[in-house]
**Q** 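Structure below; questions to follow.
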Amino acid sequence: MSEEFNNVYEDLEWRNAIAHATPRAREILSRDKITCYNGFDPTAKSLHVGNLVPIMGLVRMQRYGHTPIVIVGGGTGMIGDPSGRSDERKLLMVDIIDENVAGIQQQLESFLDFTPSLSNPAQVINNADWLRKVSLIEFLRDVGKHFSISTMLGRESVQTRMDREVGISFTEFSYQLLQAYDFLKLYEDHNCTFQMGGSDQWGNILGGVDLVRRVHGGAVADEPDSANREAAGSLAQALAYPLITTSTGEKFGKSIGGAPTLDPDQTSPYRLYQFFYNTTDADAVPYLKLFTLLKKTRIEELERAVHEAPRERAAQQSLAAEMTRTVHGDRGLEEARRVTNALFSDDLRKLSASELRGAFTEATHGTVSPADLADGITLASAVTVHGGGMIASASDLRRLVAQGAVKINGKVETDPLRPLTSADFIDDQVMVVQRGKKSHDLIWLETDQR
RNA sequence: GCAGGGGUUGGGGAGUGGUUAAACCCGGCAGACUGUAAAUCUGUUGCCUAUGGCUUCGCAGGUUCGAAUCCUGCCCCCUGCACCA
């Protein structure tokens, strides 16, 4: 597929996308065309930038001819993974989970190729299909039998929780069995032999690998060097991605209002573009490797650019453009660039009211009625009382104005108590409230016919 | 259940009758520099109709001119011991 690497493993390796892998993962990925899977938790109805590494992992697998399966955890989502959590997770309602599963499925379609006529079409499978149906007795006999309590108790995710006051419920404790069962099911029904996931999942992932090997390979935990063990060793493989952090050690994805999602209604293409555009120099190349499909030669070119002409920000621009295009398409990228140009030249009048509406899906929105205007509503009141939380309080606004941080429609504001007029609204419809350099919110003027 | 310790502004953590909207650190927000970066520096970080006023220190009540600071009751948390195994 690619002229640069012999197989996915090498590709992923070069991208620093492998934190752990089973011993024979490289060998098998380079020799066979396999079916692999990655699970996603349906805790929200949209995926977010933190999911990009696993998504791109599947995309790369598919490009090298392997068959990707996405498991959405409609069943496991009802239990909750204790990994990385200090508290018992609250259980989600079934219908919310199902809704989230549908949303995630749709988003994945812009990454993976689901065309059924392909030799390796991607597919989405909901583990609720079996988890909600399996009987307790059957589960305990077929799955539980293969797990040792002491191993399960040894898990770090379990340990940390047991050390705390809150403890861990049996329900969450069982999570590792359910995840392992997924792998077993996929192995049996879809000939899936390879699991991928984040390094925080590595323990759970190995649980699945082990289960498959025991059930189908006759491997026994107590005889690690037996012939059975050796034969079983080729049955199931796995790989884990590293936890992505910024160069300053923060968890990737942190930004105003949390991690940007891949849903244009929650995070506009503009915001996603900006998120990646603002990547610091030290992170730009690592991110290009992890998140984009750009070729090695191209990335190396950009790497040089970062060193030689950092102020051009060629790497950040490519990163932002690539990501915006893969998530939101050419039109999304187009929009993101147009809005960026207008906003960072303070020439907001270049944008129409409807463009602003599309550009700021995630911004705070407020509304003011013509009657309010007639009453001489002040800027402070519009922005706080009617602003839906864009600025916390009049005091806050006062401080920001004093620091010269507030712009209305691109012009620095000096008087927070001045009454508004219809001239403050672009196209007589919308006012852009800018707080600092990068944060924009909108106030709409309600039309008479509502 | 008994004995100790503790609950302070986003987090950590000072403060034990007035000069305390409450030190300090972190975090947040903004400004400067630069490259819409990082680092650094600066300002700011309860609310308001703002040279003043109001509301905050687990909850409720009380003492006092005056309380986060003292008293009473209640709630919650931690640490020992006991009970239970």
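Chain letters run A, B, ... following the sequence lines, proteins first and then strands; every chain starts at 1.
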**Q** Could you tell me how far rC25(B) sits from rU72(B) if I compare only their C1' atoms? Round to whole Å.
**A** 37 Å
**Q** For nucleotides rG27(B) and rC75(B), find the distance between their P atoms and express it as a whole number of Å.
**A** 39 Å
**Q** Searching all strands shown, indicate the nucleotide that pairs with rU72(B) (Watson-Crick or G-U wobble; both distances under 3.5 Å).
**A** rA60(B)
**Q** If we count only N and O atoms by modelled type, under 3.5 Å, do the side chains of Gln274(A) and Thr340(A) hold a donor and an acceptor together?
**A** yes
**Q** Heavy-atom distance under 4.5 Å between the side chains of Lys289(A) and Lys296(A), does that happen here?
**A** no
**Q** Rounding to the closest angstrom, what is the interatomic distance between rA22(B) and rG53(B) at atom P?
**A** 14 Å
**Q** Expressed as a whole number of angstroms, how long is the span from Gln403(A):CD to rU45(B):P?
**A** 9 Å
**Q** Give none if rC81(B) has no partner; otherwise give the nucleotide forming a Watson-Crick or G-U wobble pair with it, both distances under 3.5 Å.
**A** rG1(B)
**Q** Mind calculating the distance between CG (Asp283(A)) and P (rG35(B)) to the nearest angstrom?
**A** 20 Å
**Q** Looking at Ser395(A), I'd like to know whether one of its side-chain N or O atoms comes within less than 4.0 Å of OP1 or OP2 on rC48(B).
**A** yes
**Q** Given that both distances must come in under 3.5 Å, which nucleotide forms a Watson-Crick or G-U wobble pair with rA32(B)?
**A** rU40(B)
**Q** Side chains of Leu420(A) and Met431(A), heavy atoms from C-beta outward: is any pair under 4.5 Å?
**A** yes
**Q** What's the gap between rC24(B) and rG46(B) when it is taken at their P atoms, as a whole Å value?
**A** 13 Å
**Q** Using a cut-off of less than 4.0 Å, is there contact between a side-chain N or O of Arg398(A) and OP1 or OP2 of rC29(B)?
**A** no
**Q** Using the C1' atoms only, state how far rG15(B) lies from rU69(B), rounded to an integer number of Å.
**A** 8 Å
**Q** Would you kindly give the CD1-to-P distance between Ile391(A) and rC48(B), to the nearest whole Å?
**A** 12 Å
**Q** Paired with rC24(B) by Watson-Crick or G-U wobble geometry, both distances under 3.5 Å: which nucleotide is it?
**A** rG12(B)
**Q** Between Ala405(A) and Glu312(A), which has a closest nucleotide on RNA chain B that is more 5'?
**A** Ala405(A)
**Q** Taking the side chain as C-beta and beyond, is there a heavy-atom pair between Gln266(A) and Glu362(A) under 4.5 Å?
**A** no
**Q** Reckon Arg399(A) touches a base, only the sugar-phosphate, or nothing at all at heavy-atom distances under 4.0 Å?
**A** sugar-phosphate
**Q** Would you kindly check whether a donor in the side chain of Gln316(A) faces an acceptor in the base of rU36(B), or vice versa, at under 3.5 angstrom?
**A** no
**Q** Can you tell which of rA38(B), rA30(B), rU36(B) lies closest to the side chain of Thr280(A)?
**A** rA38(B)
**Q** When both hydrogen-bonding distances must be under 3.5 Å and the geometry is Watson-Crick or G-U wobble, what is rA67(B) paired with, if anything?
**A** none
**Q** Using every non-hydrogen atom in the two residues, find where Ala122(A) and Phe114(A) come nearest and quote the distance to one decimal.
**A** O-CD2, 3.1 Å
**Q** If you measure from the C1' atom in rC57(B) to the same atom in rU8(B), how many Å do you get, rounded?
**A** 4 Å
**Q** Between rA30(B), rC48(B), rG35(B), which nucleotide has the shortest distance from any of its atoms to the side chain of Arg435(A)?
**A** rA30(B)
**Q** When the nearest nucleotide of RNA chain B is assigned to Tyr277(A) and to Leu417(A) on a heavy-atom basis, which residue is associated with the more 5' position?
**A** Tyr277(A)
**Q** Would you measure the distance from the P atom in rC71(B) across to the matching atom in rG17(B) and give it in whole Å?
**A** 12 Å
**Q** Can a side chain N or O of Lys407(A) be found less than 4.0 Å away from OP1 or OP2 on rA30(B)?
**A** no
**Q** Under a 3.5 Å cut-off for both contacts, is rU55(B) paired Watson-Crick or G-U wobble with anything, and if yes, with which nucleotide?
**A** none
**Q** How many Å lie between CD on Gln434(A) and C1' on rC29(B), as a whole number?
**A** 15 Å
**Q** In whole angstrom, give the distance that lies between atom OH of Tyr273(A) and atom P of rA37(B).
**A** 14 Å
**Q** Specify the separation, in whole Å, of atom CG of Leu400(A) and atom P of rG31(B).
**A** 8 Å
**Q** Say you pick atom P in rC83(B) and the same atom in rC2(B); how far apart are they, in whole Å?
**A** 15 Å
**Q** How long is the line joining CG of Asp396(A) and C1' of rU45(B), in whole Å?
**A** 8 Å
**Q** Whole angstroms only, please: what is the NZ-C1' distance between Lys438(A) and rC29(B)?
**A** 13 Å
**Q** When the ring planes of Phe252(A) and Phe276(A) are compared, do they come out parallel, tilted or perpendicular, using 30° and 60° as the limits?
**A** tilted
**Q** Check the orientation of Trp14(A) and Phe5(A). Use parallel for under 30°, tilted for 30 to 60°, and perpendicular for over 60°.
**A** tilted
